[in-house]
Amino acid sequence: MTQQHIPLAGVIGSPIAHSKSPQLHGYWLKTHGIAGHYIPMEVAPEDLETVLRTLPKMGFVGVNITVPHKVAVLDIADLVTDRATLIGAANTLIFRQDGKIHADNTDGYGFIENLKQNAPNWDPTAGPAAVMGAGGAARAVVASLLDVGVPEILLSNRTRIRAEVLQQDFGARVRVVDWVKVGNMLEEAVTVVNTTSLGMIGKPELRVPLDGLQKGALVTDLVYAPLQTRLLREAEEMGCVTVDGLGMLIYQAVPAFERWFGHRPDVDANTRAAVLR
Ligand code: ATR
């Protein structure tokens with residue numbers, strides 16, 4: 001009789017205690033009746049490669065990668081998808097049967113899927129998108145917006161040089177706008193995205209002029225704690241369509257769960273509740 005292996009997956013980062021991924025994957029494993037485990041793992045940078053080479057031998061089928069390892073993991077992986085290379089970071093690893101580590105980035109998929117599911121009338125091709133921030137999260141957002149046919153991305157960051165580097169990597173459809181002119185940039189956009197950490201619990205609010213926002217524009221925030229940021233609250237009051245950031249966290253996990261455990265997980269109100277618990 002052949003022995004049935006229980007598939008293992010998890011998330012690697014440092015610190016890792018705050019990660020919502022174990023709750024999410026644990027919820028899906030339970031509700032879909034899958035015998036598997038998803039484990040948070042605190043790993044220091046100097047141990048990353050050793051850990052990644054050992055986990056497949058212990059029954060792991062893959063892992064999520066989070067801060068501070070999302071960039072470093074590209075040098076360890078044997079295969080890296082084009083989109084992870086373009087973004088310059090990976091969040092999902094597949095441990096293949098042949099021993100190779102395959103790195104991908106599903107953040108952009110999660111970002112777009114959250115908008116498609118929660119704002120079904122959103123048309124990304126209808127006009128420019130305004131993106132605030134130029135960190136790692138912004139790179140995934142910009143790549144995915146270009147993929148779905150946004151005609152132009154207006155990009156503004158407190159530290160202008162970071163936005164300029166991003167513009168060089170992503171090309172002519174990205175235009176850098178000075179942070180002092182962020183209000184003017186928002187007036188032009190049919191899609192508005194906050195990728196900065198401002199508005200998160202423990203950080204200052206994002207204070208940018210919102211009075212020029214177009215009625216009917218789609219406004220979304222990558223921040224999900226709190227769910228309702230000042231940006232989303234004020235945009236909603238002005239008649240914009242708003243989508244919070246929790247769905248991005250959930251949808252970026254869907255392709256990974258499917259690859260690892262062989263079942264496409266459901267996303268509904270119960271999934272959100274499970275993550276928020
Ligand atoms: P992530 O990878 O999650 O995007 P990050 O690389 O640290 O994280 O980027 C955080 C983003 O929030 C950056 O765009 C940062 O702007 P800088 O590049 O100027 O640092 C932005 N940010 C953080 N604090 C800010 C503040 N007080 N005002 C404006 N932008 C801020």
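We use all heavy atoms of the structure for the numbers below, so side chains are in, but hydrogens, waters and symmetry mates are not. First listed ligand is number 1; within each ligand, the first listed atom is number 1.
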Distance-only polar pair, side chains of Asn91 and Thr106, donor-acceptor under 3.5 Å | yes
Ligand 1 to Gly135, heavy atom cutoff 4.0 Å, flagged ligand atoms 4 (O), 6 (O), 9 (O), 14 (O)
Of the listed options (Leu198, Thr196, Val131, Leu222), which comes nearest to atom 28 (N) of ligand 1 when hydrogens are ignored and any heavy atom counts?
-> Leu198
Is there a donor-acceptor contact under 3.5 Å linking the side chains of Asn64 and Ser21?
-> no
Which is it for Thr92 and Asp104 under the side-chain hydrogen bond (donor to acceptor under 3.5 Å, both in side chains) test, yes or no, and what are the steps along the way?
-> CA-CA 5 Å; Thr92 302; Asp104 195 6; over 6 Å; no
Side-chain (His32) to main-chain (Asp266) donor-acceptor, under 3.5 angstrom = yes
Under the 3.5 angstrom rule, does the side chain of Thr195 hit a backbone N or O of Met132 as a donor-acceptor pair?
-> yes
Atom indices of ligand 1, in the order listed, that fall short of 4.0 Å to a heavy atom of Ala134 | 14 (O)
For atom 14 (O) of ligand 1, the closest protein heavy atom turns out to be Asn157 OD1, 2.6 Å
Evaluating non-hydrogen atoms only, which member of Leu166, Thr159, Leu155 is closest to atom 17 (P) of ligand 1?
-> Thr159
If we only count N/O pairs under 3.5 Å, is Ala137 in contact with ligand 1?
-> yes
Report yes if some N/O of Arg162 lies less than 3.5 Å from some N/O of ligand 1; otherwise report no.
-> yes
Strictly under 4.0 Å, does any heavy atom of Ser197 approach an atom of ligand 1?
-> yes
Among non-hydrogen protein atoms, atom 20 (O) of ligand 1 lies closest to Arg158 NH2, 2.8 Å
Output, in order, the C-alpha distance, side-chain angles, deciding distance and verdict of side-chain hydrogen bond (donor to acceptor under 3.5 Å, both in side chains) for Glu164 and Gln168.
-> CA-CA 6 Å; Glu164 285 170 354; Gln168 278 158 21; 5.9 Å; no
Answer yes if the ring centres of His25 and Trp260 are under 6.0 angstrom apart, and no otherwise.
-> yes
Between Gly136, Gly133, Ala163, flag the one that comes closest to atom 1 (P) of ligand 1 by a heavy atom.
-> Gly136
With a 4.0 Å cut-off, would you call Arg272 and Asp244 a salt bridge?
-> yes
Protein heavy atom under 4.0 angstrom of atom 7 (O) of ligand 1, is there one?
-> no
